[in-house]
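Below is one structure, written out as structure tokens; comments come after it.
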Amino acid sequence: AQSVAQPEDQVNVAEGNPLTVKCTYSVSGNPYLFWYVQYPNRGLQFLLKYITGDNLVKGSYGFEAEFNKSQTSFHLKKPSALVSDSALYFCAVRDMTGGYQKVTFGTGTKLQVIP
Amino acid sequence: DTEVTQTPKHLVMGMTNKKSLKCEQHMGHRAMYWYKQKAKKPPELMFVYSYEKLSINESVPSRFSPECPNSSLLNLHLHALQPEDSALYLCASSQEPGSNTGELFFGEGSRLTVL
């Protein structure tokens with residue numbers, strides 16, 4: 001089965017500093033990887049995805065992610081953190097079960113940006 | 001229109017009540033999902049509908065009964081729930097079920113409290 005792991009429950013970063021939220025994956029075949037963000041008491045919002053092609057994927061709100069096949073990682077990055085980036089971030093992997101799409105989420109990483 | 005709308009936003013029910021959660025999307029998506037999310041945990045898949053037919057049931061107890069009346073609507077009927085069923089219930093949709101695009105569009109969720 002496909003899975004993703006987020007090794008950090010929480011990441012703290014000062015406003016204006018670069019941020020990284022880590023994700024590693026375990027898949028058979030080609031990986032289809034996603035990042036979602038969840039603000040308190042809200043639904044999840046799609047940030048970006050890796051399907052194929054360029055290893056550096058750019059997404060919403062200035063976020064990007066680097067796909068690294070040799071390290072089986074898909075870390076989320078942003079050059080300069082904003083206080084408003086404070087939220088819960090989920091890495092996810094797409095799986096096909098019986099021909100139907102299923103998305104499985106990592107355990108989530110809480111990002112705290114300190115003013 | 002890129003929204004998934006869920007009603008009600010909050011629901012409090014007793015263990016003997018019957019209630020329903022509703023979800024609507026007008027993006028022409030043909031896959032719709034119910035997820036359950038406990039506090040500070042990732043969403044857990046409950047059901048997947050593809051072309052209005054139930055394609056995945058993640059061994060969900062029968063006290064949860066999904067229904068997809070048409071391609072835009074998804075309901076979750078609730079009966080004889082337990083306090084441990086209290087959670088945020090998220091509806092999501094995506095394009096063609098077998099597509100490689102894969103990203104989910106989430107509603108804001110319905111926060112359910114079972115007394």
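Predicted, not measured: the structure shown is a model, and the values here were computed from it.
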Cluster link A:Val93 to A:Leu88, ILVMFWY, side chain under 4.5 Å: no
Over 12 foreign heavy atoms within 6.0 Å of CZ, A:Arg42: no
Flag side-chain contact, heavy atom, 4.5 Å: A:Phe90 against B:Pro43: yes
Side chain / backbone / both / neither for B:Leu90 at chain A, heavy atoms under 4.5 Å: side chain
Minimum side-chain heavy-atom gap A:Asn41-B:Arg111 below 4.5 Å: yes
Contact origin within B:Gln37 toward chain A - heavy atom pairs under 4.5 Å: side chain
B:Glu103 and A:Tyr36, any side-chain heavy atoms less than 4.5 Å apart: yes
Under 4.5 Å from a heavy atom of chain B, the part of A:Gln38 involved: side chain
Verify same cluster id: A:Val11, A:Tyr89 (apolar side-chain graph, 4.5 Å): yes
Heavy atoms of other groups near B:Lys41 NZ, more than 12 under 6.0 Å: no
Nearest heavy atoms of B:Pro42 and A:Gly106, plus distance in Å: CB-O, 3.0 Å
Exceeds 12 heavy-atom contacts within 6.0 angstrom, atom CG of A:Asn30: no
Shared hydrophobic cluster, A:Leu47 / A:Leu19 (ILVMFWY, side-chain heavy atoms < 4.5 Å): yes
Least distance between heavy atoms, A:Leu44 atom then B:Phe106 atom: O-CB, 3.2 Å
Beyond-backbone contact of B:Leu104 with A:Phe34, side-chain heavy atoms, under 4.5 angstrom: no
Co-membership, hydrophobic cluster, residues B:Val60 and B:Tyr35, 4.5 Å side-chain: no
Cationic N near anionic O, under 4.0 Å, A:Lys102 to B:Glu58: yes
